[in-house]
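The structure appears below as structure tokens.
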2 protein chains.
Amino acid sequence: MLETIQALAEPTRFSILRMIRWEEKSAGEIAGRFKNITRPAVSQHLGVLRKAGLVTERRAGTSRMYRLRPEGFAEIKALLEDFWDPRLAKLKAVAEKDEKQRGRKK
Amino acid sequence: MLETIQALAEPTRFSILRMIRWEEKSAGEIAGRFKNITRPAVSQHLGVLRKAGLVTERRAGTSRMYRLRPEGFAEIKALLEDFWDPRLAKLKAVAEKDEKQRGRKK
DNA sequence: CACTTACGTAAGTGTCAACTAAAATATTAA
DNA sequence: TTAATATTTTAGTTGACACTTACGTAAGTG
């Protein structure tokens, strides 16, 4: 859990995430957009992001394409929701569980 | 912005935040709950959390009480909401379909 | 006033992670 | 097979930061 937040907290990695925010990009294309960071460095950051569950990797020929993994962000969001108003979050969890049992929307 | 996330990402600071999740606590009480971390270290962490806008400080006699600051968490939440856009789901679906058409490896 | 309590701040140290250069790996094509 | 391309991995350096000890400060007590 903290691993995900730590991955997000590093400036270079945060930039990478913003780059692939709308569309997947190859490691080379991502690295090419940085002026002062080498390709291996970017590759290592991508590895951290992948381990943290914030991006997914896909091979395309000799390239590797990276794209955002929304579930990773959802995890952190849920955690913060808990901090923002714990009592509300608890009620929400109960409500969702209840909703699931009924199998329909409100 | 990243300052807030970086403050949150450190394990000791994260523990502190969970400690004061429900009720404000004094710096001494917080420090007392740690086995292997000295009081000055906790004090420094509290300073980081305060600068990041995740806690507020209040003097009470010789003590200083620390309390969660919900607005700080709301900021990060809003940021993540931005990343977790519905349009991403569509892109994801396209990417997976594309992936399917390349079959074997080795 | 002196003394104690409850802190923060300063200074110095050690560890860890972000970085680079060089080597290794995987894929495609000749 | 060899070469070219795209990227990761390895090895090693360095800077940032989390930590400790020592000191400083503010508020309460006798």
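Note that this is a predicted model, so its numbers are computed, not measured. All values below were derived from every heavy atom in this structure, side-chain atoms included, with hydrogens, water molecules and symmetry-related copies excluded. Protein chains get the first letters and strands the later ones, always in sequence-line order, with residue 1 at the start of each.
Contact annotation: the side chain of Ile16(A) never approaches that of Val55(A) to less than 4.5 Å [non-hydrogen atoms, C-beta and beyond]. In this structure, Glu10(B) and Phe14(B) have side chains that are not in contact, with every pair of non-hydrogen atoms separated by 4.5 Å or more. At a threshold of 4.5 Å between non-hydrogen side-chain atoms, the residues Phe73(A) and Leu17(A) count as touching. Contact annotation: the side chain of Leu79(B) never approaches that of Asp82(B) to less than 4.5 Å [non-hydrogen atoms, C-beta and beyond].
The stretch residues 53-61 of chain B does not touch DNA chain C, since none of its heavy atoms comes less than 4.0 Å from the strand. The stretch residues 25-39 of chain A touches DNA chain C through Asn36(A), Ile37(A), Thr38(A), each having a heavy atom within less than 4.0 Å of the strand.
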Atom pairs and distances, donor-acceptor, side-chain atoms in residues 27-52 of chain A, under 3.5 Å, two or more places apart:
| from | atom 1 | to | atom 2 | distance (Å) |
| --- | --- | --- | --- | --- |
| Glu29(A) | OE2 | Arg33(A) | NH2 | 3.4 |
| His45(A) | ND1 | Arg13(A) | NH1 | 3.2 |

Please table the atom pairs, donor to acceptor, closer than 3.5 Å between any side-chain atom in residues 59-66 of chain B and protein atoms at least two apart or in another chain.
| from | atom 1 | to | atom 2 | distance (Å) |
| --- | --- | --- | --- | --- |
| Arg64(B) | NH1 | Glu57(B) | OE2 | 3.2 |
| Tyr66(B) | OH | Glu57(B) | OE1 | 3.4 |

Strictly under 3.5 Å: I want the nitrogen or oxygen pairs between protein and nucleotides 3-5 of chain C, one per line.
none

Using atom names, set out every protein N or O paired with an N or O of nucleotides 10-14 of chain C below 3.5 Å, distance rounded to 0.1 Å.
none

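Across all strands shown, the partner of dA16(D) is dT15(C), judged by Watson-Crick or G-U wobble contacts whose two distances both fall under 3.5 Å.
With rounding to the nearest 0.5 Å, the separation of CZ in Arg21(A) from OG in Ser15(A) is 12.5 Å. Separation of atoms CG (Leu8(B)) and CD (Glu3(B)) is listed at 12.5 Å; rounding is to 0.5 Å. Here Glu75(B) contributes atom CD and Leu54(B) contributes atom CG; the two are 8.5 Å apart, rounded to the nearest 0.5 Å. Atom CZ of Arg69(A) is separated from atom CD1 of Ile20(A) by 12.5 Å, given to the nearest 0.5 angstrom.
The residue Ser63(A) sits close only to the backbone: its heavy atoms come under 4.0 Å of sugar-phosphate atoms, none of a base. Using a 4.0 Å heavy-atom cutoff across all strands shown, Arg50(B) reaches no nucleic acid atom at all.
With sequence neighbours left out, Arg67(B) forms a salt bridge (charged side-chain N to carboxylate O under 4.0 Å, His left out) with Glu24(B).
Atom pair Gln6(A):CD and dC17(D):C1' shows a separation of 13 Å (rounding to whole Å applied). Taking atom CD1 of Ile16(B) as the reference point, atom P of dC7(C) lies 13 Å away to the nearest angstrom. The CD atom of Glu10(B) sits 13 Å away from the C1' atom of dT15(C) (whole-angstrom rounding). Protein atom NZ of Lys51(B) is 13 Å distant from nucleotide atom P of dA18(D), rounded to whole Å.
Leu2(A) and Ala9(B) make their closest contact through CD2-O, 3.8 Å (heavy atoms, listed as atom of the first residue, atom of the second, distance). The shortest non-hydrogen separation linking Thr4(B) to Gly72(B) is CG2-O, 4.1 Å.
Ion pairing of Lys25(B) with Glu23(B) is present here, as a side-chain N (NZ or NE/NH1/NH2) and a carboxylate O approach within less than 4.0 Å.
Distances from the side chain of His45(B) to the nucleotides dC19(C), dC19(D), dT8(D) place dC19(D) closest.
For Tyr66(B), a side-chain nitrogen or oxygen approaches OP1 or OP2 of dG8(C) to under 4.0 Å.
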